[in-house]
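Keep in mind that this is a model prediction, so the values were computed, not measured. Indexing begins at 1, ligand by ligand and atom by atom, following the structure's order.
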Amino acid sequence: MKTRPGSRPLVLFYVLVFYVLLQFSWWTYLLVRTNNQVAELQREILQYKLGASDNLVSSSLLLEKQKQLDDELHKRWMMIFGEGAVFILLLTIAIIRTRNGFRKEALMAERQKNFLLSVTHELKSPLASIGLQAETLIKRELPKEKQSMILSHVLEDTERLNSLIGNILLAARIDSHVFAINPQSGNFSEFLESLCNKLAAGVGQHHNVVREIESNVHFDFDNNATHSIFTNLIENAFKYSPAGSTVKVQLKRNGSSVICSISDQGKGIPLHQRKSIFERFYRTGSEETRSTKGTGLGLYITRELTELHGWKINVADNPEGGTIFTINISLSK
Ligand code: ATP
Ligand code: MG
């Protein structure tokens, strides 16, 4: 029988919680009962002394003592219930936190498994394709145009492998906190324009790429990290929207900040997934039904690198349908 990942320790945890609660209720019951029995015995002794006393002064003293005993019993009850309430409160907090921790771990394990499945597939398929194309070139005498077409496919596959391995290594370096950026002043408009041209001619060749890039916008940025941020966002826009639709890249100055946005006309991202898409390995849908290739590292890297620069990233609905990712770059230091 197939069980959900992490469900077995969770069942054990619930059994333990049930046992603790059962024990707690039992000991509370015993404590209250023992207290009541002690109070009852003390009351009986006093009643006996009261019956035996014929002195008015000692009788009133005994009555006073009985009242004290009642007060004491009441205080003990309050103490038991007060401490019990604190215990239950702390236990509830611990249960919720532990359960959430278990669920998070299980979810991460599931995502890691999916990541391994997709990464294995994505490493294998371009390698197989490169091998096949090299074999064709070696074994067959082909006209020059056919040869260059095959070679350009080999180049595409190599680029795909390169970008995949690059993302995996980058994510590993970010995770181990050994990654630092080195921002330097530069013309961001030129940088973005040239990246757009490169991607539009490659992965975006079946899309209508609109560029609204304000010229000569200068600020400090790390070349490699920024390349990775915008490549991931623009590639996602191509990947998650239908061929022939428009992908728009905008850059404009807005007072003391710069706004850069990438919008597409794809199916969009539901509101409840907008936080999760920036988590490591997160991909929408299940690995079996997913039609697009990917590892779920792109937006994780994008968010980490954006934050390292001190920029803010946002995702929203594109008014023209689809998604719009916006990066807000503050120029005031
Ligand atoms: P890769 O690591 O190769 O980039 P990926 O594209 O699946 O893989 P992310 O870029 O981190 O991973 O994106 C995470 C998920 O967010 C995607 O699987 C996709 O479901 C969703 N997503 C990202 N960008 C868009 C977009 N523009 N439109 C719709 N969904 C998107
Ligand atoms: Mg991606």
Side-chain angles (χ1 to χ4, degrees), residues 107-108 110-126 156-175 195-196 199-200 202-204 206-210 225-250 260-307 313-327:
L107 205 70
M108 212 25 150
E110 178 78 3
R111 280 189 205 158
Q112 252 161 354
K113 195 187 90 193
N114 285 342
F115 166 76
L116 276 180
L117 280 178
S118 65
V119 99
T120 315
H121 173 77
E122 296 217 8
L123 283 174
K124 268 180 156 178
S125 55
E156 264 174 40
D157 284 330
T158 330
E159 267 175 27
R160 228 174 94 195
L161 271 178
N162 202 16
S163 124
L164 176 70
I165 294 167
N167 262 2
I168 296 172
L169 289 179
L170 191 54
R173 283 174 68 205
I174 291 172
D175 276 352
L195 182 65
C196 276
L199 293 174
V203 275
H206 304 298
H207 282 79
N208 170 31
V209 185
V210 175
T226 313
H227 185 274
S228 185
I229 293 174
F230 288 95
T231 304
N232 277 320
L233 289 178
I234 300 172
E235 276 186 357
N236 274 355
F238 293 138
K239 197 154 79 169
Y240 300 108
S241 66
S245 63
T246 300
V247 167
K248 201 189 277 179
V249 179
Q250 286 175 301
C260 185
S261 65
I262 290 102
S263 56
D264 63 61
Q265 297 177 325
K267 65 178 169 62
I269 302 171
L271 206 63
H272 68 277
Q273 287 176 340
R274 288 193 191 156
K275 222 171 138 198
S276 314
I277 52 168
F278 293 103
E279 287 169 14
R280 220 165 11 131
F281 310 133
Y282 185 89
R283 302 199 73 216
T284 53
S286 80
E287 203 57 45
E288 291 81 26
T289 56
R290 243 170 247 138
S291 52
T292 51
K293 295 168 183 148
T295 57
L297 284 177
L299 286 180
Y300 166 70
I301 291 172
T302 300
R303 189 201 53 191
E304 294 291 316
L305 297 182
T306 310
E307 282 177 1
I313 183 160
N314 244 317
V315 55
D317 280 331
N318 181 5
E320 295 156 29
T323 316
I324 176 161
F325 280 89
T326 309
I327 293 192

(Q) Less than 4.0 angstrom from a charged side-chain N to a carboxylate O is my criterion; do Asp264 and Lys239 meet it? (A) no
Nearest 0.5 Å please: distance from the [atom1] atom of [X] over to the [atom2] atom of [Y].
X      : Y      : atom1 : atom2 : result
Leu170 : Leu305 : CG    : CG    : 5.5 Å
Asp175 : Ile301 : CG    : CD1   : 9.0 Å
Glu304 : Arg173 : CD    : CZ    : 13.5 Å

Considering distance alone, does some N or O of [X] sit under 3.5 Å from an N or O of ligand 1?
X      : result
Ala237 : no
Lys239 : yes
Asp264 : yes
Ile269 : no
Tyr282 : no
Gly294 : no
Gly296 : yes
Asn232 : no

Q | Atom of Leu299, atom of Phe278 and distance for their closest heavy-atom approach | A | O-CD2, 3.6 Å
Q. At the 4.0 Å heavy-atom cut-off, does Glu122 count as touching ligand 1?
A. no
Q. Using 30° and 60° as the class limits, which term best fits the ring planes of Phe281 and Phe115: parallel, tilted or perpendicular?
A. tilted
Q. Of all the atoms in ligand 1, which lie at a distance below 4.0 Å from a heavy atom belonging to Thr284?
A. 18 (O), 19 (C), 20 (O)
Q: Would you mind running through ligand 1 and noting each atom that sits below 4.0 Å from a heavy atom of Arg283?
A: 5 (P), 7 (O), 18 (O)
Q.
Quick one: does any side-chain atom of Gln265 pair with a main-chain N or O of Thr246 as donor and acceptor, under 3.5 Å?
A. yes
**Q.** Region of Leu299 engaging ligand 1 - heavy atom pairs below 4.0 Å
**A.** both
Q. Can Asn314 and Thr326 be counted as having a side-chain donor-acceptor contact under 3.5 angstrom?
A. no
Q) Would you say the side-chain atoms of Gln250 and Ser261 include a donor-acceptor pair closer than 3.5 Å? A)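 Gln250 vs Ser261: donor-acceptor pair found between side chains.
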(Q) I want to confirm something. Looking only at heavy atoms, which of Phe281, Tyr240, Phe238 is nearest to atom 26 (C) of ligand 1? (A)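 It is Tyr240 whose heavy atom sits nearest to atom 26 (C) of ligand 1.
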Q. How about Asn232: does one of its N, O or S atoms come closer than 2.8 Å to the Mg ion (ligand 2)?
A. no
